[in-house]
Protein chains: 2
Amino acid sequence: MSEPISGEGLLFLTDEQLQQGIEGMFFAYRGFTADPDRILEELNRDRDQNYGRAHHRAVHFVARAPGTTVKNLLEILGVTKQSLNRVLRTLMEDGLVVSKVGGSDRRERHLFLTEAGQALERQLSEVQRARMRDAYRAAGPEAVRGFRQVLEAMMDKEMGRKYGALRDKAEG
Amino acid sequence: MSEPISGEGLLFLTDEQLQQGIEGMFFAYRGFTADPDRILEELNRDRDQNYGRAHHRAVHFVARAPGTTVKNLLEILGVTKQSLNRVLRTLMEDGLVVSKVGGSDRRERHLFLTEAGQALERQLSEVQRARMRDAYRAAGPEAVRGFRQVLEAMMDKEMGRKYGALRDKAEG
DNA sequence: TTGGAATGTCAACAAAGCTGACATAAAATC
DNA sequence: GATTTTATGTCAGCTTTGTTGACATTCCAA
């Protein structure tokens with residue numbers, strides 16, 4: 001199909017190489033979500049509620065940007081408000097998330113994790129960070145730099161901006 | 001939480017760095033699936049069937065390893081056979097996939113894409129490869145090497161082996 | 001030859017996405 | 001001040017894609 005690109009002695013964009021990148025993403029993403037999935041499954045056995053990846057994502061980004069609004073969360077997660085609302089409702093009913101009416105704009109709801117919510121978030125992010133840490137260590141710092149460059153180039157532009165905003169906020 | 005690791009002037013395993021990696025995976029995976037998703041959505045408008053990511057994955061791996069068995073596909077995809085069966089059934093009804101009873105073991109079904117199936121697969125993998133190619137080009141060959149190293153380290157062990165098998169087969 | 005393992009199908013259910021319609025309250029605009 | 005827009009929430013209903021459980025078929029090995 002497409003011709004290999006060779007420049008400075010590199011030959012790395014054959015369809016086969018790209019195909020391997022695609023499958024790499026597929027398998028790696030599975031590994032990436034496996035540990036939190038397992039923890040949630042265990043928790044669900046005991047409790048009555050059934051939490052899944054959707055709950056994990058919501059909790060993650062509320063932890064990341066405490067006081068964020070529902071609208072902002074919708075944009076980051078890229079789902080409909082009906083879908084997010086169902087998730088947030090159960091999280092609030094269970095006392096993991098609280099919403100506070102906005103100060104300047106009283107239409108907005110600002111979201112926060114409760115103590116229990118923070119505990120769950122820590123539990124989930126712990127294992128996910130551990131896997132990321134192991135992968136980073138195994139691959140080395142140079143590889144990590146490259147990894148992040150490719151990830152960033154693979155995002156949609158708007159998502160890249162939201163990602164950058166989260167990053168800058170954390171760094172600032 | 002965890003202390004930064006410094007060695008040879010590197011300082012890259014703070015929780016913040018790991019967190020950014022996690023979010024990078026999340027946003028990048030969204031970009032990674034966005035183009036095929038969009039194509040399928042367009043196709044679904046015209047046709048009666050409704051194909052999604054599950055169909056894409058099945059078609060991808062059948063194209064990748066023609067004649068593969070249902071059992072093998074189950075292991076690669078990591079879903080239940082009932083779930084895969086529904087997807088395969090619609091693909092076969094629509095004449096995109098055919099299954100042939102195994103020669104040595106008549107319990108097995110070997111899967112192949114028809115002409116129409118190959119056409120769909122090309123259409124989907126085309127845009128996905130294009131995004132991958134753009135990301136690789138933007139990041140450069142050194143970054144690509146690192147990217148693949150980290151991905152591989154992030155997979156579950158068994159998945160890493162299946163990934164390697166696909167890779168070797170293609171190279172051989 | 002018979003019992004267990006492998007493979008695949010049918011039925012029913014759940015999680016989590018979606019659209020559409022509609023309500024409320026607050027902010028912004030004319 | 002009246003109107004429009006924005007942010008949020010809710011109800012109803014649908015789809016995709018995962019799950020278990022039950023069951024049929026086929027193969028193989030004791």
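Order of the sequence lines sets the chain letters (A, B, ...), proteins ahead of strands, with each chain counted from 1.
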Checklist entry - Do the side chains of Lys81(A) and Val70(A) get nearer than 4.5 Å, heavy atoms only? => result no
Checklist entry - What does His55(A) touch in the nucleic acid at a heavy-atom separation under 4.0 angstrom: a base, only the sugar-phosphate, or nothing? => result sugar-phosphate
Item to check | Length of the CD-P vector between Glu108(A) and dA27(C), whole Å | outcome: 9 Å
Checklist entry - If you look at every strand shown and take non-hydrogen atoms under 4.0 Å, does Thr69(A) touch a base, only sugar-phosphate, or nothing? => result sugar-phosphate
Checklist entry - Glu93(A) has an atom CD; how far is it from atom C1' of dG9(D), in whole Å? => result 13 Å
Item to check | Under 3.5 Å side-chain donor-acceptor pair for His60(A) and Glu23(B) | outcome: yes
Next on the checklist: Within the 4.0 Å heavy-atom criterion, would you say Gly102(B) contacts the bases, only the backbone, or no part of the nucleic acid?
Outcome noted: nothing
Item to check | Among dG18(D), dG9(D), dT7(C), the nucleotide that comes nearest once only the side chain of Ser83(B) is considered | outcome: dG18(D)
Checklist entry - Rounded to whole angstroms, how far apart are OH on Tyr51(A) and P on dA14(C)? => result 18 Å
Next on the checklist: Would you say the rings of Phe61(A) and Phe26(B) are close, in the sense that their centroids are separated by under 6.0 Å?
Outcome noted: yes
All N/O pairs under 3.5 Å across the protein-nucleotides 23-25 of chain C interface:
none

Checklist entry - In terms of side-chain heavy atoms of Lys71(B), which of dT7(C), dG8(C), dA7(D) is nearest? => result dT7(C)
Item to check | Length of the CG-P vector between Leu84(B) and dC10(C), whole Å | outcome: 14 Å
Checklist entry - When all nucleic acid strands are considered with a 4.0 Å heavy-atom cut-off, which category describes Ser99(B): base, sugar-phosphate, or nothing? => result nothing
Next on the checklist: Just to verify, what does Glu142(B) make a side chain to side chain donor-acceptor pair (under 3.5 Å) with, not counting sequence neighbours?
Outcome noted: Arg145(B)
Item to check | Nucleotide nearest Thr80(B) (side chain, heavy atoms from C-beta), chosen from dT19(D), dG8(C), dA7(D) | outcome: dT19(D)
Checklist outcome for this item: Taken to the nearest whole Å, CG/Asn44(A) to P/dG18(D) is 18 Å
Checklist entry - Do the non-hydrogen side-chain atoms of Arg148(A) and Gln17(B) ever get within less than 4.5 Å of each other? => result yes
Table of protein N/O atoms under 3.5 Å from nucleotides 11-15 of chain D N/O atoms:
unit_1  : atom_1 : unit_2   : atom_2 : d
dT15(D) : O3'    : Asn50(B) : ND2    : 3.1

Checklist entry - Within 45° of the ring axis of Phe112(A) and under 6.0 Å from its six-membered ring centre, is that where the NZ or CZ of Lys100(A) lies? => result yes
